[in-house]
Amino acid sequence: MNKYDFSSIERKWQKYWDENKTFSATNDYTKPKFYALVEFPYPSGQGLHIGHPRPYTAMDIVSRKRRMEGYNVLFPMGWDAFGLPTENYAIKNKIHPAIVTENNIKRFKEQLKALGLSFDWDREIDTTDPEYFKWTQWIFLQMFKKDLAYKKEMAVNWCTSCKVVLANEEVVGGVCERCGGEVVRKVKSQWMLKITEYAQRLLDDLSEVDYLEKIKATQTNWIGRSTGAEVDFITTTGDVLKIYTTRPDTLFGATYMVISPEHPLIEKWADKLSNIDEIRDYQEKAAHKSDFERTEMAKEKTGVELKGVKAVNPVNNMAIPIFISDYVLMSYGTGAIMAVPAHDTRDYDFAKAFNLPIVEVVKGGNIEVEAFTDCETGVMVNSGFLNGLSVEEAQEKIKKWLEENNKGVRKVNYKLRDWVFSRQRYWGEPIPIVHCEKCGYVALPESELPLKLPEVESYMPTDNGESPLSTLESFINTTCPACGGPAKRETDTMPQWAGSSWYYLRYCDPHNKEALASKEALNYWMPVDWYNGGMEHTTLHLLYSRFWHKFLYDIDVTSQKEPYMKRTSHGMILGEDGQKMSKSRGNVINPDDVIKVYGADTLRLYEMFIGDFEKTAPWSTSSIKGCKRFLDRVWALQDCLIDGDDYREELRTNFHKAIKKVSEDIESLKFNTAIATMMALVNDIYVVGTINKKEYRDLLIMLNPFAPHITEELYEIVGYDGVLNQQSWVKYDEAFCVDDTVEIVIQINGKVKDRIMVNKDLNQDEVLEVAKKAPKIAEALDGKSIIKQIYVPNKLVNFVAR
RNA sequence: GCCGAUGUGAUGGAAUUGGCAGACGUGCUGGACUCAAAAUCCAGUGGUAGCGAUACCGUGCCGGUUCGACCCCGGCCAUCGGCACCA
């Protein structure tokens, strides 16, 4: 036996797969297809992280198994390469971001290849390639034409450190998702995408896809649908003050109103308000608070009454005061609420702070102590024609009443906001729009795509919140495609999420020059059958790309409503100390080093064996040795080889069981137990002492998706026909999955007392008979009467005795 | 506060449908091989008591259902992730 020289074996097979294009998806559209997708990485300067191979290997295993099962498999890889770190690195080191990107991609690609992942490299894509982002821009233009992209002056999240606008999804815990910097509100003119128009469909169609429950729950929460009513309160000035509420049943308990500090009616009423200075002062303070400060100060309610104006409650004609307070957001509902302190905790706090009346309209709680918010148990009181009804009945009745009397309408609201789509950065897709004094915002003709990034001296973001492109006269000044007059180009670029919102479509037909992909290719390959990615993208990339896909479906580019049939998620790999890996903690594991010492097959195996795929797991340098030992033992089996073309009696059940378990576990992402099963099988083989050619071959096939290099090599060494990856996946027979004799556990009163071996499928009476005769059992039952006997076939007997 | 998870030996984690708790791996202990070490191989390894067969205890805590509960139900505690003044 020669040495298991993993380095040269791995290099050899990686070269072989490359040269033979072993894993190219064919365009034979008659074969059954399988589209496996992993999130393409951002090629950072740090190179591959030890966490990257976990999802990649998992889907590689599924892909390799599918190929052996006869599918035409598409398992592609590419680069999500626009982004801030590249730009920052470029600024710091005075290298063009395109060069930085090219270098990073080169490194990433080498590292991925060293893992033996079966990607189809002929379909590699790069979001920064003009031939790619031409189509990102094209999609944007289609949205613009359908009024789904619009420019709006609005308060946005501004990261003071990145000097860039952030989408709501990018603000995490009040700070910048990427850098942790402070986020403040800033009024800017921004490109927006109307994702809200798709809110209901994004919610509804979750029922048509197979996503992990927690992914569906997170998206559902984020979309945040609520049902209620819009109600018109008429003010003493004669204006309509429209509010939104989910609890119209509590209308009789509305004792005051609160409007957002940004509410437009305040300006209209300005000369009627006796305390306008105080109000202006409060508005000023609210405007300067960052979102972080606003949430930080959530505990204490502040506000100012608008003195001089009152509103009339439409159900009882009571005139009630109006306040402004920053707990009411202009961006949700109508920016105004009716306050029902008895049945809403926030209103309760506010009423206590300002000494306002609290009127109970739902009986069931103790409003002396706290707001009663339960909708299930209460009964309506102090509510005129609603008295005596349940909350649910009252809601229905009041909604009808509002509509019949023209005082309000039923209304559905969503927490989801439109997507802030412009970034004040250089390294992103230019937005293909020009602004003309006469014609307004005008789309660039499609023939002018791609609109490439100009060469600039400096990529530095500017302090005034403008894009680096804004200083480049030659880029800005152009002519209007509509009227031919002078016009200015948009200087903001698209966010990082743009290119990844449709990349899975490009893989279907990556070199197409006429369209983002041919209809034929899309019809064959789409939808993605299985998409694995990080939980952190649930309300970002995953939601955005579903939105784009639905839009492309509406304009007949794609034929499916949903892009991804199945979505799963992997856990993070932590440092050995159980902490997140980071340079500052000094607990970073570098995949290159691991491959050098143990080989790619061992790394792959260990990343799959480390624990439950969906959970975070700490790295363990000593544990990885176990996986190496296992591969050493598989390698050494070549010395125990004997002839034979069928399983031998003593290993038949072991093989059938193992094949069943491994096959099923791969489908349910239980790679750790699949590997444990193969380890146990190899242990059993060593007990027998020999392995025949049929048995070895099947072991190699089973192990191949996990450890592709060593298995290919052994397959060749033994001299089987062809190459391993071309073989069919192993099959099992249910009939051989149970041993001829089975061990039956015998319990007395639920406690295990003995075990017996019996022939399988013996009938109940026979087994009970044998069980009672077992010496320990007979002794224990002596002098007792059996009240009940329970029999579980091939497993267990329980005597209930007294 | 709301939503979603999770809690099992020294340790990473198994346990199909309510049916042998601790598979598989690591670590540790002892042994073989070796001048020695590494590697490899063999045996053992939840706790307590006992020379021992064995007995009792044991899946975060308290209770319940059941012949039988890591699993189901009720009530807590702890940890993690997400959302959060969304009317």
Side-chain angles (χ1 to χ4, degrees), chain A residues 172-174 212-218 220-222 224-226 228 243-247 250 257-258 260 294-295 297-301 325-329 331-340 343-347 349-350 373 413-417 535-536 538-539 571-572 578 605-606 609-612 614-627 629-630 632-633 636 660-661 664-665 668 670 672-683 686 743-755 776 786-792 795-801:
Chain A
V172 175
L212 290 179
E213 253 340 286
K214 60 177 172 179
I215 295 174
K216 286 190 184 183
T218 305
T220 303
N221 277 343
W222 188 260
R225 183 182 198 268
S226 73
I243 61 104
Y244 171 71
T245 179
T246 55
R247 295 291 305 274
T250 61
M257 303 187 78
V258 186
S260 160
R294 267 196 169 191
T295 46
M297 300 168 89
K299 301 132 212 165
E300 277 175 49
K301 293 282 179 288
S325 174
D326 63 0
Y327 83 90
V328 173
L329 311 170
S331 54
Y332 184 77
T334 62
I337 62 157
M338 66 170 191
V340 185
H343 306 290
D344 182 286
T345 13
R346 295 151 304 174
D347 297 344
D349 293 346
F350 191 90
T373 57
N413 254 322
Y414 302 91
K415 289 187 198 171
L416 188 69
R417 292 286 102 85
M535 272 312 282
E536 70 275 18
T538 304
T539 56
M572 227 189 338
L605 206 60
Y606 178 60
F609 188 64
I610 194 165
D612 186 333
E614 289 176 31
K615 290 193 198 128
T616 53
W619 183 265
S620 163
T621 299
S622 62
S623 271
I624 194 173
K625 286 180 196 151
C627 290
R629 281 180 196 150
F630 169 63
D632 285 338
R633 279 157 70 81
K660 180 178 188 211
K661 180 82 176 138
E664 289 175 354
D665 280 356
S668 51
K670 292 162 89 176
N672 52 339
T673 49
I675 293 165
T677 301
M678 289 188 280
M679 287 174 169
L681 178 64
V682 167
N683 290 347
Y686 271 100
E743 190 184 62
I744 303 245
V745 172
I746 312 172
Q747 301 180 333
I748 293 175
N749 297 335
K751 296 206 169 194
V752 181
K753 291 289 168 186
D754 205 0
R755 290 136 213 259
K776 285 179 200 161
I786 296 171
I787 297 162
K788 197 173 177 183
Q789 28 195 22
I790 286 119
Y791 172 66
V792 183
K795 268 188 183 158
L796 168 141
V797 170
N798 186 14
F799 295 112
V800 185

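Any value given below was found using the heavy atoms of this structure, including those in side chains, with hydrogens, waters and symmetry copies removed. Below, read A as the first sequence line, B as the second, and so on, with proteins coming before strands; counting in each chain starts at 1.
Inter-residue side-chain proximity for A/Lys795 and A/Val745 is flagged as unmet; no heavy-atom pair is nearer than 4.5 Å. Annotation: side chain of A/Arg247 is not in contact with side chain of A/Asp344 (no heavy-atom distance under 4.5 Å). Two residues are said to be in side-chain contact when any heavy atoms from C-beta on lie closer than 4.5 Å; A/Ile790 and A/Gln747 fail this criterion. Counting only heavy atoms from C-beta outward, the side chains of A/Lys753 and A/Ile746 never approach each other to under 4.5 Å.
Using cut-offs of 30° and 60° on the angle between ring planes, the pair A/Tyr332 and A/Tyr244 is perpendicular.
Taking a pair to require two hydrogen-bonding distances under 3.5 Å in either a Watson-Crick or a G-U wobble arrangement, B/A87 remains unpaired. Pairing partner, B/G44: B/C28, with both Watson-Crick or wobble hydrogen-bond distances short of 3.5 Å. B/C72 is paired with B/G64 under the criterion used here, namely a Watson-Crick or G-U wobble arrangement in which both key atom distances are under 3.5 Å. Of the nucleotides present, B/U79 is the one that pairs with B/A5 by Watson-Crick or G-U wobble criteria, both distances under 3.5 Å. Using Watson-Crick or G-U wobble geometry with both donor-acceptor distances under 3.5 Å, B/G52 finds no partner in any strand shown.
As rounded to whole Å, 13 Å separates atom C1' of B/A5 from atom CD1 of A/Ile215. Here the P atom of nucleotide B/A87 and the CZ atom of A/Arg247 are 11 Å apart, to the nearest Å. The distance from atom CZ of A/Arg417 to atom P of B/A84 is 11 Å, rounded to the nearest whole Å. In this entry the distance linking CG of A/Asn221 with P of B/G4 reads 8 Å, nearest Å. Distance A/Lys625 NZ to B/C28 C1': 13 Å, rounded to the nearest Å. If you measure from atom NZ of A/Lys301 to atom P of B/C85, you get 10 Å, rounded to the nearest angstrom. As a whole-Å value, the separation of A/Tyr791 OH from B/G19 P is 16 Å. The distance between atom CG of A/Asn749 and atom P of B/G68, rounded to the nearest whole Å, is 8 Å.
Listed nucleotides B/A87, B/G27, B/C20 differ in distance to A/Tyr332; the shortest reach to its side chain belongs to B/A87. In the set B/G19, B/A14, B/C20, the nucleotide with an atom closest to the side chain of A/Asn798 is B/G19. Checking B/C20, B/A23, B/A87 against the side-chain heavy atoms of A/Val752 singles out B/C20 as nearest. For A/Met679, the listed nucleotide lying nearest its side chain is B/G25; candidates were B/C20, B/A15, B/G25. The side chain of A/Ser623 sits closest to B/U26 out of B/A23, B/U26, B/A84. Checking B/G19, B/C24, B/A87 against every side-chain atom of A/Ile790, the shortest atom distance belongs to B/G19. Taking only side-chain atoms of A/Asp612, from C-beta outward, the nucleotide of B/A21, B/A14, B/G19 with the closest atom is B/A14. Picking from B/C3, B/C20, B/A55 the nucleotide with the shortest atom distance to the side chain of A/Ala217 gives B/C3. Distances were taken from every side-chain heavy atom of A/Arg629 (C-beta onward) to each of B/A87, B/U26, B/C85; the shortest belongs to B/U26. Checking B/C24, B/G19, B/A87 against every side-chain atom of A/Lys795, the shortest atom distance belongs to B/G19.
A/Glu743 comes within 4.0 angstrom of a nucleotide base, judged by non-hydrogen atoms across all strands. At the heavy-atom level, A/Arg225 lies nowhere under 4.0 Å from the strands shown. Residue contacts for A/Lys214: at a heavy-atom cut-off of 4.0 Å it reaches the sugar-phosphate backbone alone, with no base atom in range. Backbone-only engagement by A/Val800 is indicated by non-hydrogen atom pairs under 4.0 Å involving sugar-phosphate atoms exclusively.
Close to B/A87, at under 4.0 Å from its OP1 or OP2, lies no side-chain N or O of A/Asn413. Taking 4.0 angstrom as the limit, A/Lys788 places a side-chain polar atom (N or O) nearer than this to OP1 or OP2 of B/C67. Taking 4.0 angstrom as the limit, A/Lys216 places none of its side-chain polar atoms (N or O) nearer than this to OP1 or OP2 of B/G82. Taking 4.0 angstrom as the limit, A/Ser226 places a side-chain polar atom (N or O) nearer than this to OP1 or OP2 of B/A87. The side chain of A/Asn683 places no N or O atom within less than 4.0 Å of a non-bridging phosphate oxygen (OP1 or OP2) of B/A23.
With C1' as the reference atom, B/C35 and B/G27 are 29 Å apart, rounded to whole Å. When the C1' atom is used for both B/G58 and B/U48, the distance is 11 Å, rounded to whole Å. For the P atoms, the distance from B/A53 to B/U17 is 36 Å, rounded to whole Å. Taking atom P in both B/U79 and B/U8, one finds a spacing of 14 Å when rounded to whole Å.
Of all the heavy atoms in A/Tyr686 and A/Ala636, the pair that sits closest is OH-CB, 3.5 Å.
Rounded to the nearest 0.5 Å, atoms OG (A/Ser331) and NZ (A/Lys415) are 12.0 Å apart. Atom-to-atom distance recorded for A/Lys301:NZ and A/Asp347:CG is 9.0 Å, nearest 0.5 angstrom.
In terms of position along RNA chain B, the nucleotide closest to A/Thr673 lies nearer the 5' end than the nucleotide closest to the other residue of the pair A/Lys753 and A/Thr673. For the pair A/Ser622 and A/Val792, nearest-nucleotide mapping onto RNA chain B gives the more 5' position to A/Val792.
No hydrogens or angles were tested; on distance alone, a donor-acceptor pair under 3.5 Å links the side chain of A/Gln747 to the base of B/G19.
Glycosidic conformation of B/G9: syn, with the torsion inside 90° of 0.
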